[in-house]
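What follows is a set of notes on a single structure, which appears directly below.
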Amino acid sequence: MYVCSCFGITEEQVREHADTGACTPRQIASACKAGTDCGGCVKRIQALLGRGACPRRQLIDQGAPALEELPEAA
């Protein structure tokens with residue numbers, strides 16, 4: 001299901017970015033632009049991210065990069 005119709009970003013893509021370290025809507029926006037045009041999807045992105053701790057917080061605190069490089073979209 002699409003979360004961001006402005007950029008064609010799906011729930012699955014948001015979850016993939018979250019799995020690679022994007023813990024906030026702003027980090028999701030940096031990873032895929034979702035939420036940066038009309039802003040209508042920001043609340044849905046927040047809901048998908050949940051209120052729990054960032055799954056990669058411990059690694060980030062140890063100096064690991066917050067986001068992994070993703071391949072360019074075709």
Side-chain angles (χ1 to χ4, degrees):
M1 172 176 238
Y2 284 99
V3 172
C4 176
S5 51
C6 295
F7 293 103
I9 305 300
T10 64
E11 287 183 5
E12 182 179 342
Q13 289 171 302
V14 170
R15 287 188 181 108
E16 287 173 2
H17 291 302
D19 288 344
T20 59
C23 302
T24 65
R26 183 171 287 183
Q27 290 174 338
I28 293 292
S30 293
C32 65
K33 296 185 183 180
T36 61
D37 193 25
C38 78
C41 59
V42 174
K43 287 188 180 189
R44 181 68 184 138
I45 292 169
Q46 288 173 326
L48 288 170
L49 294 174
R51 296 179 184 227
C54 178
R56 296 180 51 87
R57 177 64 55 207
Q58 184 177 10
L59 292 174
I60 293 167
D61 290 343
Q62 295 172 356
L67 296 173
E68 296 176 9
E69 290 293 322
L70 298 175
E72 284 292 319

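When reading the values below, keep in mind they use all heavy atoms of this one structure, side chains included, and skip hydrogens, waters and symmetry mates. Position 1 is the first residue of the sequence, and the numbers go up from there.
The distance from atom SG of C6 to atom NZ of K33, rounded to the nearest 0.5 Å, is 11.5 Å. Considering SG of C41 and CD of Q46, their distance stands at 10.0 Å, rounded to 0.5 Å. Considering CD of E16 and CD of E11, their distance stands at 12.0 Å, rounded to 0.5 Å. Expressed to the nearest 0.5 Å, how far CD1 of I45 lies from NZ of K43 amounts to 13.0 Å. Taking CG of L48 as the start and CE of M1 as the end, the distance is 10.5 Å to the nearest 0.5 Å. Taken from CD1 in I28 to CZ in R15, the straight-line distance is 11.0 Å, to the nearest 0.5 Å.
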- Evaluation steps, side-chain hydrogen bond (donor to acceptor under 3.5 Å, both in side chains), between T10 and Q13: CA-CA 5 Å; T10 64; Q13 289 171 302; 3.3 Å; yes

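Here the closest heavy-atom approach between residue Q27 and residue G21 is recorded as OE1-O, 3.6 Å.
Under the 4.5 Å side-chain heavy-atom criterion for ILVMFWY residues, no single connected hydrophobic cluster contains both L49 and V42.
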